[in-house]
Amino acid sequence: MEARLPRGLADRDAAELAATAKMLDVIRSVFELYGFEALETPAIEYTDALGKFLPDQDRPNEGVFSFQDEDEQWLSLRYDLTAPLARFVAQNFDRLPKPYRSYRCGHVYRNEKAGPGRFRQFMQFDADTVGSASPAADAEICMMAADALERLGIQRGDYVIKINSRKLLDGVMKAIGLDGDDNAGRRLTVLRAIDKMDRLGPEGVKLLLGPGRKDESGDFTKGAELEADAIATIMSFSLGGQYTGGEPRFGLFDLLGRSNVGAEGAEELLEIEDLVRFCGYGADRIRIDPSVVRGLEYYTGPVFEADLAFATRDEKGNPVRFGSVGGGGRYDGLIGRFRAENTPATGFSIGVSRLYAALKLVGSPIVEAGGRTGPVVVLALDRDHIADYQRLAAALRAAGIPSELYLGASGMKAQMKYADRRNSPVVVIQGSNERAKGEVQIKDLIEGARASAAIATNEEWKALRPAQFAVPEGELAEKVQELLSRHASGAGAERSGA
RNA sequence: GCCGCCAUAGCUCAGUUGGUUAGAGCACCAGAUUGUGGAUCUGGGGGUCCCCCGUUCGAGCCGGGGUGGCGGUACCA
């Protein structure tokens with residue numbers, strides 16, 4: 001049988017786990033700084049709680065991983081952290097403080113085609129305010145998202161939080177006569193087309209709004225078949241609406257009419273913008289972008305999207321499109337599905353896995369391994385004295401130094417290579433000579449590697465035994481500790497100097 | 001799902017008009033060295049040439065079908 005992994009899934013090694021843990025710590029600290037508290041919900045929910053049944057069928061949507069319980073009820077792996085939160089809030093409504101501010105982190109699952117930066121299991125870090133309809137809640141969420149990205153080491157200008165409003169989009173649909181139930185299908189097509197502005201550009205979007213578009217492989221996508229002036233209206237809205245602070249606000253009110261739901265959405269957006277500007281967040285960080293659409297189902301008002309502005313390339317130098325590294329919005333109807341009374345809510349999720357992949361690809365220091373060290377390795381030279389070696393390792397551990405006895409069956413050279421590969425800072429050597437004298441050899445692998453640069457021949461290398469010294473057995477832990485702290489402060493000095 | 005490209009060692013790839021025992025670099029293992037990482041040198045292990053069927057005296061190479069991978073597109077709630 002071949003050992004293999006389904007597409008869109010990945011194993012994570014020590015370096016990646018360490019880098020991810022660092023990212024999570026940063027995000028958590030920012031979210032807590034804004035007064036959000038931790039909550040965990042399970043990875044599995046009833047499918048109906050996620051709202052993911054196929055229309056007019058009693059089977060779950062194909063995009064979600066689903067299976068049936070013993071009682072034949074459908075269960076699904078969560079596909080985001082928002083729907084489970086809504087379930088939790090509805091279930092515990094009476095005992096939660098309102099507004100309820102919480103954050104959660106975990107893997108979510110989507111049964112979709114995988115690609116670079118697109119996984120079938122990935123991690124999200126999510127924060128939500130439940131029970132506030134105020135645009136202040138939305139503004140705060142956006143500022144927090146910007147703070148989190150910057151604290152992760154993404155330079156200002158290298159990311160942007162784009163905001164738009166579902167109400168605004170609805171208003172535009174109405175303005176071009178696409179309101180009403182009859183036009184639901186075409187509205188969807190139009191919104192999806194607008195959403196592709198980033199990827200396909202204005203020309204591609206125009207084709208999708210009109211006759212349709214043929215892609216690079218020759219495949220044809222049917223368009224919305226709108227009239228030319230309707231297309232022009234949408235395009236001027238989606239493109240012309242992008243502006244930076246201080247410019248005249250887009251002439252939407254004329255288009256929408258004051259009483260339109262679209263005008264209401266615009267008012268809310270502008271209020272959010274005023275709030276973030278007042279707090280010192282400029283258009284380089286948070287800006288209105290009417291081409292943002294995002295999820296089509298549960299968002300009811302403002303929607304947010306975090307995009308990286310820098311270009312990324314894969315190992316072969318091909319440009320890679322990562323899409324958004326976070327997103328969110330207001331979902332005022334989601335909790336009401338479980339309760340008689342409706343509850344407004346807004347939130348934002350950081351796509352940790354995708355962000356990690358993007359940062360890794362551009363070699364960002366946040367996710368580089370940098371200075372990761374393995375355990376001290378006690379070499380096992382003499383098979384009859386394993387207990388002695390085990391005791392040496394135990395002495396090191398007692399002093400709080402991560403240590404291990406080499407447990408393989410190979411010779412000394414292989415053991416040295418093993419230590420090298422484990423990133424060990426130090427190996428401990430005790431052969432019969434040392435044991436007779438009650439000593440151990442401490443070999444400093446970091447200093448040794450440095451010294452090896454100047455050594456040309458193996459004879460010289462072996463004869464010199466660089467960075468190696470003998471100490472009495474009783475002083476082992478103490479001397480190793482000294483050596484480790486010397487390296488730690490050295491590395492620290494290098495870092496602060498750089 | 002639809003469209004396109006691709007499939008030879010762990011990885012990256014050569015492989016002549018269809019011809020005998022399928023190669024290289026890197027990686028891995030060992031030796032040179034009774035007990036010392038790196039570099040160098042020498043040697044070694046490792047292949048269902050993705051699978052099946054067909055054409056042929058003969059297929060890694062040609063044809064058909066399948067599977068898998070990559071990319072585009074759709075979907076992404």
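Hydrogens, waters and symmetry mates are skipped; everything else that's a heavy atom, side chains included, is used. Here the structure is a predicted model, which is why all the values come from computation and not from measurement.
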What does [N] pair with, Watson-Crick or G-U, if both distances are under 3.5 Å?
{"N": "B/A77", "result": "none"}
{"N": "B/C2", "result": "B/G72"}
{"N": "B/U36", "result": "none"}
{"N": "B/G44", "result": "B/C28"}
{"N": "B/C50", "result": "B/G66"}
{"N": "B/A59", "result": "none"}

Do [X] and [N] have a side chain to base donor-acceptor pair shorter than 3.5 Å?
{"X": "A/Q441", "N": "B/U36", "result": "no"}
{"X": "A/Q430", "N": "B/G35", "result": "no"}
{"X": "A/K113", "N": "B/G72", "result": "yes"}

How far, in whole Å, is [M] from [N] if one measures between their [atom1] atoms?
{"N": "B/G60", "M": "B/U16", "atom1": "P", "value": "12 Å"}
{"N": "B/U17", "M": "B/U56", "atom1": "C1'", "value": "15 Å"}
{"N": "B/A9", "M": "B/C49", "atom1": "C1'", "value": "10 Å"}
{"N": "B/C52", "M": "B/U42", "atom1": "P", "value": "40 Å"}
{"N": "B/C13", "M": "B/U8", "atom1": "C1'", "value": "9 Å"}

Let's see if you can work this out: which of [options] has an atom nearest to the side-chain heavy atoms of [X]?
{"X": "A/M416", "options": "B/A77, B/G35, B/G37", "answer": "B/G37"}
{"X": "A/E112", "options": "B/G35, B/C75, B/G37", "answer": "B/C75"}
{"X": "A/A414", "options": "B/A30, B/A77, B/U73", "answer": "B/A30"}
{"X": "A/D219", "options": "B/G72, B/C76, B/G37", "answer": "B/G72"}
{"X": "A/D420", "options": "B/G37, B/U73, B/G35", "answer": "B/G37"}
{"X": "A/A449", "options": "B/A74, B/U36, B/G37", "answer": "B/G37"}
{"X": "A/R192", "options": "B/A77, B/G37, B/C76", "answer": "B/C76"}

I need the [atom1]-[atom2] distance between [X] and [N], as an integer number of Å.
{"X": "A/R118", "N": "B/C75", "atom1": "CZ", "atom2": "C1'", "answer": "9 Å"}
{"X": "A/L381", "N": "B/U36", "atom1": "CG", "atom2": "C1'", "answer": "9 Å"}
{"X": "A/K413", "N": "B/A32", "atom1": "NZ", "atom2": "C1'", "answer": "9 Å"}
{"X": "A/Y418", "N": "B/C29", "atom1": "OH", "atom2": "P", "answer": "14 Å"}
{"X": "A/M412", "N": "B/G37", "atom1": "CE", "atom2": "P", "answer": "8 Å"}
{"X": "A/N111", "N": "B/A77", "atom1": "CG", "atom2": "C1'", "answer": "13 Å"}
{"X": "A/N61", "N": "B/C75", "atom1": "CG", "atom2": "C1'", "answer": "9 Å"}
{"X": "A/R294", "N": "B/A77", "atom1": "CZ", "atom2": "C1'", "answer": "12 Å"}

Nearest 0.5 Å please: distance from the [atom1] atom of [X] over to the [atom2] atom of [Y].
{"X": "A/L355", "Y": "A/M23", "atom1": "CG", "atom2": "CE", "result": "4.0 Å"}
{"X": "A/K174", "Y": "A/N183", "atom1": "NZ", "atom2": "CG", "result": "13.0 Å"}
{"X": "A/I350", "Y": "A/S324", "atom1": "CD1", "atom2": "OG", "result": "11.5 Å"}

For the residue pair A/E439 and A/Q430, confirm or rule out a side-chain donor-acceptor distance under 3.5 Å. no
Check A/R486, A/H487, A/Q468 against A/D444 for a side chain to side chain donor-acceptor pair (under 3.5 Å) and give me the one that passes. A/H487
Scan A/L50 against the nucleic acid and name what it touches under 4.0 Å (heavy atoms): base, sugar-phosphate only, or nothing. nothing
Students often get this wrong, so: under 4.0 angstrom with heavy atoms, is A/V64 touching a base, only sugar-phosphate, or nothing? base
Does a side-chain N or O of A/K52 approach OP1 or OP2 of B/C76 to a distance below 4.0 Å, or not? no
If you compare every side-chain N and O of A/R421 against the phosphate oxygens of B/C28 (OP1, OP2), does one of them come in below 4.0 Å? yes
Between A/Y109 and A/Y79, is the ring centre distance below 6.0 Å? no
Check for me: is A/Y298 stacked on B/A77 by the 5.5 Å centroid and 30° plane-angle rule? no
Within 45° cone and under 6.0 Å: A/R339 NZ/CZ vs A/F93 ring: yes
